[in-house]
Amino acid sequence: MRRKLKEREKHPMLPDRVYHSVTVSKLIAHVIKDGKKSVAQKLVYDAFDILKTKNNIEDPSAFLEQTIQSVAPTMEVRSRRVGGANYQVPHPVRPARQLALALRWILEGARAKKGADFATRLAGELLAASKGEGGAMAKRDNVHKMAEANKAFAHFALARPKKRT
């Protein structure tokens with residue numbers, strides 16, 4: 001039987017220097033490739049500049065928060081083995097995981113696009129997600145559909161396995 005994991009303190013993330021937002025610094029951390037934080041910062045800030053100039057968004061940090069709220073999933077499915085069969089059981093998503101999934105899906109949507117530079121694609125994906133479109137919203141909708149389709153197995157989430165004696 002699995003043992004209980006120890007509660008560990010998570011290292012608090014520091015806010016970024018320009019917008020003083022922890023969410024923006026988490027976005028930068030997700031963008032990082034090959035450990036080059038300065039490159040990731042430039043890409044994110046360039047995307048925010050595009051949002052400011054072309055789309056008249058005054059506070060890109062608040063816009064990012066709002067977009068993440070719309071992309072973040074509320075339910076997801078987790079696999080659970082019951083009586084020799086695997087069931088996809090819907091579970092609510094913790095807030096920290098909601099943020100991580102939303103950022104991941106936004107970046108996947110931006111990286112999947114072709115053509116323009118990354119900052120332009122990221123700005124486009126953030127705009128599309130805020131309007132309920134784009135790859136990130138499609139991914140969220142698929143996760144919610146899976147949870148809705150497997151709602152009949154929700155009672156397995158509460159069931160605890162019996163201890164063998």
Side-chain angles (χ1 to χ4, degrees), residues 2 4-79 88-150:
R2 291 177 64 176
K4 205 171 190 178
L5 293 175
K6 282 192 269 181
E7 290 282 331
R8 64 175 189 167
E9 287 187 32
K10 293 200 174 194
H11 183 71
M13 188 151 232
L14 298 174
D16 73 302
R17 294 180 182 184
V18 176
Y19 294 98
H20 309 291
S21 167
V22 174
T23 307
V24 173
S25 67
K26 286 188 181 192
L27 176 63
I28 291 169
H30 275 77
V31 171
I32 289 178
K33 289 249 184 176
D34 299 327
K36 298 187 179 182
K37 189 172 187 176
S38 60
V39 174
Q41 285 174 332
K42 182 167 176 16
L43 290 170
V44 170
Y45 294 146
D46 286 350
F48 283 0
D49 288 341
I50 291 168
L51 289 173
K52 277 184 185 177
T53 57
K54 291 186 179 176
N55 302 300
N56 298 327
I57 294 170
E58 292 181 21
D59 186 10
S61 174
F63 179 75
L64 175 67
E65 299 271 354
Q66 177 186 354
T67 303
I68 286 173
Q69 288 298 319
S70 65
V71 172
T74 55
M75 296 293 287
E76 69 178 344
V77 291
R78 291 186 182 169
S79 190
Q88 298 283 39
V89 181
H91 284 276
V93 183
R94 293 176 293 118
R97 182 159 167 79
Q98 285 181 347
L99 175 63
L101 287 173
L103 289 174
R104 186 183 312 156
W105 294 343
I106 288 169
L107 289 174
E108 281 176 8
R111 288 181 177 136
K113 293 180 182 178
K114 297 295 175 202
D117 63 320
F118 182 75
T120 307
R121 292 181 297 179
L122 178 58
E125 185 65 28
L126 286 169
L127 270 175
S130 71
K131 295 176 185 173
E133 304 165 357
M137 290 301 283
K139 185 80 171 169
R140 186 201 69 158
D141 292 342
N142 285 339
V143 168
H144 280 178
K145 282 180 190 173
M146 285 286 290
E148 186 67 28
N150 290 299

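For clarity, every value in this text was computed on a predicted model and none was experimentally measured. In what follows, residues are counted from 1 in the order of the sequence shown.
Looking at E108 and K139, no side-chain N of the basic residue comes within less than 4.0 Å of a carboxylate O on the acidic one, giving no salt bridge. Salt bridge K42/D46: present, at least one basic N to carboxylate O contact under 4.0 Å.
Here the closest non-hydrogen pair linking V93 and P73 is CB-O, 3.7 Å. L51 and L127 make their closest contact through CD2-CG, 3.7 Å (heavy atoms, listed as atom of the first residue, atom of the second, distance). The two residues I106 and L126 have their closest heavy-atom pair at CG2-CD2, 3.9 Å. When every heavy atom of S70 is checked against every heavy atom of A129, the shortest pair comes out as OG-O, 3.5 Å. Pairing each heavy atom of A119 with each of A47, the nearest pair is O-CB, 3.4 Å.
Distance check, rounded to the nearest 0.5 Å: CD of Q88 to CD of E76 gives 10.5 Å. Atoms CZ and CG, from R140 and L101 in turn, are 12.5 Å apart once rounded to the nearest 0.5 Å. In this structure, the separation between CG on L99 and CG on L27 is 9.5 Å, given to the nearest 0.5 Å. In this structure, CE on M13 lies 8.5 Å from CD1 on I28, to the nearest 0.5 angstrom. Note: D34 CG to I32 CD1 = 10.5 Å, rounded to the nearest 0.5 Å. Distance check: S25 OG to H30 NE2 gives 11.0 Å after rounding to the nearest 0.5 Å.
Atom NZ of K113 sits in a crowded spot, with more than 12 heavy atoms from other residues, nucleotides or ligands closer than 6.0 Å.
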- Could you walk me through whether E58 and F63 pass the side-chain contact (heavy atoms from CB on, under 4.5 Å) test, one step at a time? CA-CA 9 Å; E58 292 181 21; F63 179 75; over 6 Å; no
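Checking side-chain atoms of N150 against main-chain N and O of V89 turns up no donor-acceptor pair under 3.5 Å. The backbone N or O of T74 lies less than 3.5 Å from a partner atom in the side chain of H144, making a donor-acceptor pair. With E125 contributing its side chain and G135 its backbone, the two residues share a donor-acceptor pair below 3.5 Å. Side chain of E65 to main chain of T23: no donor-acceptor pair is present (N/O by atom type, distance under 3.5 Å, no hydrogens or angles).
With contacts defined as side-chain heavy-atom distances shorter than 4.5 Å, the pair V77/H91 does not qualify. Using a 4.5 Å heavy-atom threshold, the side chains of K145 and E148 count as separate. L107 has its side chain within reach of L122: a pair of non-hydrogen atoms, C-beta onward, lies under 4.5 Å apart. Using a 4.5 Å heavy-atom cutoff, the side chains of Y45 and D16 are in contact. Between M137 and W105, every side-chain heavy-atom pair lies at or beyond the 4.5 Å cut-off.
Relative ring orientation between Y19 and F48 is described as perpendicular, the plane-to-plane angle rising above 60° on a 0-90° scale split at 30° and 60°.
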